[in-house]
Amino acid sequence: MLHGALPGGECYDRPDFYCLTGDVRPVQIQTGPAEDYIFRPNSRESCTFMIQTCELEQGPLYLSVYGHHVGYSAYGDTTFYQVPVHYTLYVDFDVALSVQSAVSYSENVFERQYNHYYIRADTVVQGQYLTVEITNIQHAIPQSVEAFVNYNYLAGNCPCYDHLYNCTGAVAPACGTDIPETVPNFLPEVDQVNTFCTIVVPACDFRNGVWYISVLGVNEDLHQYDTPIGYTLTATIHEAPLIKPLVPGQAIPDVVPQWNITNQYTHYKIGAKPIPNHDLVLKITYVQNSDFLEKHDNIRDALDLYVNRGGLAGDRCFDYHARANILSHSYQTIVIPACEWTDDDYFVAVQGSFGATFNGRYTIEATVSEISDTQLVSGVSVYGRVPNGRYAHYFIDVPQDLTGTDLIVELYTNSDQDMITSFINKDRRAGNSQCLDYLEDFVCETDSSCFYQIESCDLSGGRYYISVLASQHQFFDI
């Protein structure tokens, strides 16, 4: 096939697209020990090719069919000089096929060709999400197919298409060199897609509009079959889950099912408006081994806590994440600092990452914590305690006319506790987070003591902040 001119052999222009029937290749395969039969690949009595949307040009498309006279052994004759070759020619302009939610379609696709589909989402309710399942894949070898999902445009690989999700996470070389850190190689492992794959468009991304789906044939089983790759396609828009209110100051005992079986979270929405100069603190406590009820005693059992702003939270949609487990941390906290807690649109999700088939129990609580500063007096020691993942802020005022004086800061911890980190900053709270900053030369991570000295030539009048950050509940003197 060629745009604008007759394609063919020596007397014609070179085609843009072509395919070849007959034996795929002159291959014989030894299938086992010497006494076993030799396996010969099947002959193909048809061929097909596809012109992608970006490859089509305005104007006439010319097609030529050429009788190929060598290497064709379908009927034991390699010449066919005496018998004309009969064929059926079929040409079709395809558009994406509309699919309905939860309806399964039996389809097939040729190697290196796409099947395009779309599903409409006209009235999406917050919390709904989309799954695309490609199952019952037949007559292919791994990697059998690749599936793509895109929003408001045909899905696939560039240069003709684009996609937001695919089965393998791989990015085709034609798409450039911007490869995600989680995908070190262009191509996926060969056995990533064998007989099925599933794509999930999470609730935080799913929205009103047209969602396009495509299936790309990757590897047909040319040795055992002479038919294209078969599969079943099911696209489902799932109903929104129950979202419970999470009101600060109210401890909520609750349960979450096993994620690997149900794909379900327990969802909440923060029921409070932000308060200036206050952090929002979330704490989850995992109920562990018990002889009273069924117990979670696998060392890998855990609960994942996700927090997201603007939409439902989950393992693909979160701004904050913490994990409580039965091996080392029965509880975890997430702190949303005051500079980021600016509206009442925060969602929380708990995921049961455990092997047990019964629900996991936990208690979740949201609290509002005021950010306070403690003034230090020169030469006077202060005893302090800082909670897990929180800051304790201190300050000392340095007079403007002070000369010939150094500022010395000493911090001591209990010798049997975990690490703490201390920071110093000028004229604003110190720390290493979204809301805080620190002087680069004045940071210390220790489980015993820290010592800072700002010499008189570097010391200027104003307020110096000293902040202490703990990985666990810690005690110290400053």
In sequence, state the C-alpha distance, the side-chain angles, and the governing distance for Gln332 and Tyr286, and then conclude on side chain to side chain donor-acceptor pair (under 3.5 Å).
CA-CA 9 Å; Gln332 282 289 357; Tyr286 188 8; over 6 Å; no
Should Glu440 and Tyr438 be marked as a side chain to side chain donor-acceptor pair (under 3.5 Å) after you check the CA-CA gap, both sets of side-chain angles, and the distance that decides it?
CA-CA 6 Å; Glu440 292 186 1; Tyr438 64 94; over 6 Å; no
Apply salt bridge (Lys or Arg N to Asp or Glu O under 4.0 Å) to the pair Arg463 and Asp427, showing each step before the final yes or no.
CA-CA 5 Å; Arg463 178 166 291 184; Asp427 294 332; over 6 Å; no
Show, in sequence, the C-alpha distance, side-chain angles and deciding distance for Asp279 and Ile336, and conclude whether the side-chain contact (heavy atoms from CB on, under 4.5 Å) test is met.
CA-CA 6 Å; Asp279 293 336; Ile336 302 176; over 6 Å; no
For a side-chain contact (heavy atoms from CB on, under 4.5 Å) check, start with the C-alpha distance between Val398 and Leu459, then their side-chain angles and the critical distance, and finish with the verdict.
CA-CA 8 Å; Val398 177; Leu459 189 66; 4.1 Å; yes
Between Tyr231 and Ser106, is a side-chain contact (heavy atoms from CB on, under 4.5 Å) present by the stated rule, with each step listed?
CA-CA 6 Å; Tyr231 61 91; Ser106 180; over 6 Å; no
How far apart are the C-alpha atoms of Phe347 and Val307, what are their side-chain angles, what is the distance that settles it, and do they pass the side-chain contact (heavy atoms from CB on, under 4.5 Å) test?
CA-CA 6 Å; Phe347 293 82; Val307 180; over 6 Å; no
Could you check Thr168 against Glu146 for side chain to side chain donor-acceptor pair (under 3.5 Å), going step by step and ending with a plain yes or no?
CA-CA 7 Å; Thr168 62; Glu146 178 68 288; 2.6 Å; yes
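Using a 4.5 Å cut-off on side-chain heavy atoms (C-beta onward), Val368 and Ile275 make contact. With a 4.5 Å cut-off on side-chain heavy atoms, Phe395 and Thr374 do not count as touching. Taking the side chain as every heavy atom from C-beta outward, Val386 and Leu469 never approach each other to under 4.5 Å. Annotation: side chain of Val149 is not in contact with side chain of Tyr212 (no heavy-atom distance under 4.5 Å). Under the 4.5 Å side-chain criterion, counting only non-hydrogen atoms from C-beta, Thr195 is not in contact with Thr135. Between Leu216 and Phe148, some side-chain heavy-atom pair lies under the 4.5 Å cut-off. Between Ile334 and Val281, the closest side-chain pair of non-hydrogen atoms is not below 4.5 Å. Proximity of Phe423 to Ile466: side-chain heavy atoms (C-beta onward) are nowhere separated by under 4.5 Å.
No side-chain donor-acceptor contact under 3.5 Å links Glu445 to the backbone of Ile420. With hydrogens and angles disregarded, a donor-acceptor distance shorter than 3.5 Å links the side chain of Asn152 to the backbone of Val210. In terms of modelled atom types and a separation under 3.5 Å, the side chain of Asn219 and the main chain of Ala140 share no donor-acceptor contact. Within the 3.5 Å criterion, the main-chain N or O of Asn194 finds a donor-acceptor partner in the side chain of Ser144. Remark: the backbone N or O of Asn157 is paired with a side-chain donor or acceptor of Tyr114 at under 3.5 angstrom. Under the 3.5 Å distance criterion, the side-chain polar atoms of Gln128 are matched with a main-chain donor or acceptor of Val125. With Ser467 contributing its side chain and His393 its backbone, the two residues share no donor-acceptor pair below 3.5 Å. Judged by distance alone, with hydrogens and angles left aside, the side-chain atoms of Thr131 form no donor-acceptor pair with the main-chain N or O of Val200 at under 3.5 Å. In this structure, the side chain of Asn325 engages the main chain of His329 through a donor-acceptor pair within 3.5 Å. At least one donor-acceptor pair under 3.5 Å links the side chain of Asn277 to the backbone N or O of Ile371.
The two atoms that bring Ser214 and Ala155 nearest to each other are OG-O, 2.9 Å, heavy atoms only. Closest heavy-atom contact between Cys19 and Thr48: SG-N, 3.5 Å. Shown here for Val99 and Ala235, the closest heavy-atom pair between the two residues is CG2-CB, 4.3 Å. Across Gln52 and Tyr161, no two heavy atoms sit closer than the pair OE1-OH, 2.5 Å. Nearest heavy-atom pair across Gln474 and Ala470 is CG-CB, 3.4 Å. Between Val348 and Leu282 the shortest heavy-atom distance is CG2-CD1, 3.8 Å.
Going from atom CD of Glu107 over to atom CG of Asn136 covers 12.5 Å, rounded to the nearest 0.5 Å. In this structure, Ile213 CD1 and Leu154 CG are separated by 12.0 Å, a value rounded to the nearest 0.5 Å. Considering SG of Cys204 and OH of Tyr129, their distance stands at 13.0 Å, rounded to 0.5 Å. The line from CZ of Phe476 to OG of Ser381 is 10.0 Å long, rounded to the nearest 0.5 Å.
Between His321 and Tyr306, the ring-plane angle classifies as parallel under the 30° and 60° cut-offs.
Salt-bridge annotation for Asp304 and Arg323: present, with a side-chain N of the basic residue lying under 4.0 Å from a carboxylate O of the acidic one. Using a cutoff of 4.0 Å between basic side-chain nitrogens and carboxylate oxygens, Arg316 and Asp205 are not scored as salt-bridged. Taking a cutoff of 4.0 Å between a charged side-chain nitrogen and a carboxylate oxygen, Arg428 and Asp437 do not qualify as a salt bridge.
Side-chain atoms of Arg390 and Ser369 form a donor-acceptor pair, as typed in the model, at a separation below 3.5 Å. For the residue pair Thr405 / Ser456, no side-chain donor-acceptor distance below 3.5 Å is found, with atom types taken as modelled.
Partner Ile229 forms a side chain to side chain contact (heavy atoms under 4.5 Å, CB included) with one of Asp221, Asn115, Val145, Asn108 and no other, that one being Val145. Shown are Asp477, Val377, Ile478; of these, the side chain to side chain contact (heavy atoms under 4.5 Å, CB included) with Val382 is made only by Ile478.
In this structure, Lys283 satisfies the cation-pi test against Tyr331, with its NZ or CZ atom closer than 6.0 Å to the six-membered ring centre and inside 45 degrees of the ring normal. Remark: Arg207 qualifies as a cation-pi partner of Tyr151 under the 6.0 Å distance and 45° angle criteria applied to the six-membered ring.
Ring centroids of Trp259 and Phe354 are separated by 6.0 Å or more, keeping the two rings apart.
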For a quick test of your reading: what N or O donor-acceptor pairs under 3.5 Å do the side chains of residues 263-272 make, sequence neighbours left out?
{"residue": "Tyr265", "atom": "OH", "partner": "Asp315", "partner atom": "N", "Å": "3.0"}
{"residue": "Tyr265", "atom": "OH", "partner": "Asp315", "partner atom": "OD1", "Å": "2.8"}
{"residue": "Thr266", "atom": "OG1", "partner": "Val255", "partner atom": "O", "Å": "2.9"}
{"residue": "Tyr268", "atom": "OH", "partner": "Asp254", "partner atom": "OD2", "Å": "2.7"}
{"residue": "Tyr268", "atom": "OH", "partner": "Tyr362", "partner atom": "OH", "Å": "2.6"}

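Environment of CD in Gln375: crowded, with over 12 heavy atoms of neighbouring residues, nucleotides or ligands closer than 6.0 Å. Atom CZ of Arg112 has 12 or fewer neighbouring heavy atoms from other residues, nucleotides or ligands inside a 6.0 Å radius.
Within the structure, side chain to side chain donor-acceptor pair (under 3.5 Å) contacts touching residues 333-348 (residues at least two apart or in different chains) are Lys273-Asp344, Arg309-Thr342, Arg309-Asp343, Tyr320-Glu340, Thr333-Asn388.
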